[in-house]
Every structure is written in C-alpha cells, then in structure tokens.
> 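Right, I'll just put the structure down here and ask away after.
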Amino acid sequence: MENEDNRVLRSRSRSSTKKINSSDPDTSFDGESSLEGHQRGRGDNHITRNGRIEMEHMISKKLELKRKAEFLKSDLLRQLESQVGDFVDSLIEESATLEPAPLPAVFSPPVLDKDKSRLRHFRPPHYQGKLFVSRRSLLDELFEVNHIRTIYHMFIALLILFILSTLVVDFIDEGRLVLDFDLLVYAFGQFPLVVCTWICMFLTVLVVPYSLFHLWTQSQSGSYPRLYSFLFGSAFLLYQALGLGFLPTYVVVTNSMPPASCFIIILEQVRLMMKAHSFIRENVPKVWSLDKNKTSSSPVVPQVFHYIYFLFAPTLIYRDKYPRNPTIRWGYVATKLLQVLGCLFYAYYVFVRLCIPQFRSVSLQLFDLKAMVLCVFNSILPGVLVLLLGFFAFLHCWLNAFAEMLCFADRMFYKDWWNSTSFANYYRTWNVVVHDWLYYYVYRDLLWMTKKRFRAAAMLFVFTVSAVVHEYILAVCFGFFYPVLFCLFMCFGMMFNFILHDQRKGPIWNIIMWTSLFVGQGVIICLYSHEWYAQRYCPSKETSFLESLRPRSWSCQQGLVVDAGKL
C-alpha cells in the first residue's frame, strides 16, 4: 500500500512540473538548451500577435452588433409607442361612449314606484360625443421609418417617369418639347366665379346659423318656447335646403362649370352644410340642459371666434375648444402644400398617359361585354393611382396643412385602412373626419330616437345617406346621372360589409379587400370615363327628363362611332 501511494505522489509531482514548464516558457531548467528556449519564445510571440488580431476583430464585431441593436431598439420603441398611442386613443374614445353601469341592489336605496317609472324611461345624455386629443397623423410617424419612406420615393420616381415619357412622346410626335397643360386649364376653368361663389357660401354660413341660434336661445326664456323652436328650426332647415343646397348647385349647372371647379364648389357646399348642422346639433342640447337645471338665467352662446375657428378647422364635430399646438411649423405647411401640388400634377399625368388614350380608342368601338371587361382591367392601375393620390393629397397633406396653420393638435384624419381585413373596418378608418359625423349625428341619433331597437336599419340609413351624397357630387360635377358608385356602394358595399366583418382576420382577408378595391376602382374609372366621352361625342336627340337619366353610352353606340370618327 505504501509503495502504491508513493507511486501516485510521484506521478502527480511529475504532472505538476510539466504544467509549470508549459505555463512559463521564459523559465529555463536544468537539461534544457538555450536554443530551444529561444525558439519557444518566438512561437509564443507569434501566437500572441494572432490572438491580439482576433481579439480586435471580435471587439469590432461586438461594437457593430451593438450599434445594430441600438438602432433596432429605437425603431421598435418608436413603433411600439405609436401602436400604444393608437390603442390608448381608441380606449379613450370607447370609454366616452360607455354608459355607466347600475349600482348593485345592496348599495342602492329603496326606489319608489314613481322613480321606477322614471328610470325605465331614462336616457343617458346623447350629446356626449367624440373626444379630441393631441396626436400626429399616422403617415407622419410612418415616414420616419426608412423602409416606409422608400415607398414614398418609389411614387416620386414613378412621377418622374410619367413626366419623362410624356416629354419623349411629345418630342417624337411633334419634333419639339411640348409642355401643354390644357387639361388642367380646362378642369379649373371659371376660377374667379368659383372664388366668388365660395365667398358667398362662407359668409352666409358665418352669419345665418349663428344668428338663428342666438335668437333662438333668447326666445327660450320667454313664452311659447316650443313655437319659437319650431319657427327657428324651420328657418334653419330652409336655409340648409335653399341657401346652401339649391343656390350653389344652380350656379354650377347654369354656368356649365368644368369638373375640377364643380368639385370645389360642391364639396365645399357639403362640408359647410355638415358644419352648420354640427354647430346647431352640439349647442341645442346644452341650452336645453341649462334650461332644465335652471343654472343660469341666460344660456351661454358660443363666441364668434370659436365658431369661425370651427368653420376652418379640419373637423366636422363642433367643440368650443380643441387641443392646440404651441407653435406653427411653416416649413411643414409649405411641404404639405407642395405635396398637394405634386399630387395634382401626378393625377394630370395619370389621365394623360393612362386614361385619355385608352378611352379615346374605346369610344371608336361598340361598348359590348368584351370591350367592358378589357376596359375594366385596363382601368385598374389608373383607378388605384387616383385613389391613393386623392387620399394622400386631401386626407393627409391638405388637412394637415390647415391643421398646422390653425395649431389644431388632433391629426387623426384617417387610420391604418390599408391593413384592414374587413370592409367594416375600412369604412371606419378610410376617412375618420366624415365617419365621425355620420356616426355621431346619423347612426347614434337614430339609435337614440328608436331606443336602440333598429341597429340594422340605422346602419342601412347611414350607407344610403353616404351613397346618395357621393352620387349627387359625381352627378353634378360630371353633368350626367350614371349611378355606378351608388350601385357599388349600396349593393356590393353593403354585402361586403356583412361578409367581410370584423371577425375576419389574417392576410388572406386583406388580400380580398385590396382585390375588391382594385376591381371597384377599375369599374368606376371605366364606366364614368366611357359615359363622359359618350356625352361629348353623341348628342341626345330628345330633351325629356327620362332621356337625361338614361346613360348615353348604352343607347347611342352608332352615333358614338360616327361622331368620334370625325374628331
């Protein structure tokens, strides 16, 4: 046993001396030559240099990964902040519409029979509406991400290609560079008359609704308040129908204004009518509540400054005060107005390069089913471009420019409608400004009047109002009645609203929604453009009212071919 223990100790001592020799190359022991020690030292120095190079390479890689991680972290935080902001805004809006829950019976005092009957017919104050909070537009946040901004650069590159192709084609055909904007000059013709008509509309909206409301509030403290309410209400409705409804339309029709000038007048007509209704609708319940509570002898009338601010503010919901920004960024305003101008020229080149040559050739042939199918598919690209340009120019650039000049802080004019997987969500997020007006003043008021019994009928009425107004705008501006948009909105829009509802999730439903939008835009551009050329090339032989309602492209194919061949 002792011999075995001695052998183990000797083997351990030998292994320890080997480790010491390998760990300290500069130390020389007996039996080792100096040459071997020098060669070992040179080899260790070479290993040390390689180790330093590999270490520096690893450090540079770690620094690069750290920089990438910091950039990814800031990007994720920015996106998370925007999503959390949208979520909080939606919670605020939904909490404003929630009714207070009844207290449990344990904590409530005994209720008398009279009080029970009153509570049975109690209705919460229906004038609680939209809450405005300070927030940015969604595209302003998304354009801070380089990947999203690249899509914006792609559209600018496409505009440059449209301009270059137009110049090259004109140079080949004419032998010179032709910068011809006859289409824009024609579309915005009679502009002085447009300005005069708008000034008259604005002055009447500034004076008439505010004066009628001021006189009505004074009459409520006297005798016969219901009679005065009926008289002033009838006067307001008469002004809405004649002063804002009939007279601007009469000016547009009698002067045969071109399409763009018509759109300016008619869209401003609809906007001012909606704003006047909102002003009366928001302030009348306040006067009634003050009169019932007897808190003040004379109701408080909103200041004229608040009403004027509301007429220019990019919202259709009246409030005495809105969240405001402290300063105006005039560079931001100039950028948005330049983008509106760029979108205008973009649409011009879309029509010149993609629409006019196609529909001039279509007008030379009979418009049968085959020609219609080809026309629809050829119109999808210009239709989608016009849709995106209209959204970006008006809902983003134009409204943000006015919001910035007025320090209006709530910039949620739209939501992420492009991510919608249902048409119900698309209708809510495409145009938030108009959707809020329809929701609070049409849908919710109908539910309040019917005691929430007919939700489907209220939704159908909202669709009908929206479809009728859209068709009225197109009919007046184009000069003919062709209810393509009305049929698409009421038939397919209502059907898709119930089929593609909010429970539809997943990317396949987003693809279906975009496909439906593409086809719908192609149908609208194709049929309205063909009818436009039919109205120009094929005059009607009869002047009856029924003949004016009949689409000209359906009934005058031979005359269309003959007249178009003469041009």
> Could you name each residue pair satisfying salt bridge (Lys or Arg N to Asp or Glu O under 4.0 Å) that touches residues 233-245, not counting sequence neighbours?
none
> Are there over 12 heavy-atom neighbours, none belonging to Phe143, within less than 6.0 Å of that residue's CZ?
yes
> Any side-chain hydrogen bond (donor to acceptor under 3.5 Å, both in side chains) involving residues 252-261? Give me the pairs, sequence neighbours left out, ordered by first then second residue.
none
> Below 30° counts as parallel, above 60° as perpendicular, anything between as tilted: where do the rings of Tyr322 and Tyr309 land?
tilted
> Taking only residues two or more places apart in sequence or in another chain, which ones pass side-chain hydrogen bond (donor to acceptor under 3.5 Å, both in side chains) with Gln521?
none
> When you measure from the centre of the six-membered ring of Phe132, is the NZ or CZ of Lys130 under 6.0 Å away and within 45° of the axis?
yes
> Who passes side-chain hydrogen bond (donor to acceptor under 3.5 Å, both in side chains) against Tyr250, sequence neighbours left out?
none
> How are the rings of Trp398 and Phe402 set to each other: parallel, tilted or perpendicular (split at 30° and 60°)?
tilted
> Assess whether a salt bridge exists between Arg319 and Asp410, defined as any Lys/Arg side-chain N lying under 4.0 Å from an Asp/Glu carboxylate O.
no
> Trp430 vs Trp417 aromatic rings, parallel, tilted or perpendicular, using cut-offs 30° and 60°?
perpendicular
> Ring centroid separation for Phe279 and Phe310, is it under 6.0 angstrom?
no
> Applying side-chain hydrogen bond (donor to acceptor under 3.5 Å, both in side chains), can you list everything that pairs with His306, at least two apart in sequence or on another chain?
none
> State yes or no: are the ring centers of Tyr528 and Trp532 separated by less than 6.0 Å?
no
> Starting from the C-alpha separation in whole Å, work towards a yes-or-no answer on disulfide bond (SG atoms under 2.5 Å apart) for Cys375 and Cys526.
CA-CA 6 Å; Cys375 176; Cys526 172; 2.2 Å; yes
> Counting only heavy atoms from other residues, nucleotides and ligands, does the tally under 6.0 Å from NE2 of His470 exceed 12?
no
> Given the side-chain rings of Phe236 and Trp216, with only the six-membered ring counted for Trp, is the space between their centroids under 6.0 Å?
no
> Report yes if some heavy atom in the side chain of Tyr332 is under 4.5 Å from a heavy atom in the side chain of Asp140; otherwise report no.
yes
> Give the table of side-chain donor-acceptor pairs shorter than 3.5 Å for residues 193-212, with sequence neighbours excluded, one pair per line with atom names and distance.
residue: Thr197; atom: OG1; partner: Leu193; partner atom: O; Å: 2.7
residue: Trp198; atom: NE1; partner: Glu268; partner atom: OE1; Å: 2.7
residue: Thr204; atom: OG1; partner: Cys200; partner atom: O; Å: 3.2
residue: Thr204; atom: OG1; partner: Met201; partner atom: O; Å: 2.7
residue: Thr204; atom: OG1; partner: Tyr239; partner atom: OH; Å: 3.1
residue: Tyr210; atom: OH; partner: Pro302; partner atom: O; Å: 2.5
residue: Ser211; atom: OG; partner: Val207; partner atom: O; Å: 2.7

> Could you tell me whether a side-chain N or O of Lys275 sits under 3.5 Å from a main-chain N or O of Thr315, the two making a donor and an acceptor?
yes
> Go through the steps for Phe463 and Phe489 under the test ring-ring contact (aromatic ring centres under 6.0 Å, His included), then give the verdict.
CA-CA 8 Å; Phe463 269 88; Phe489 206 87; 5.7 Å; yes
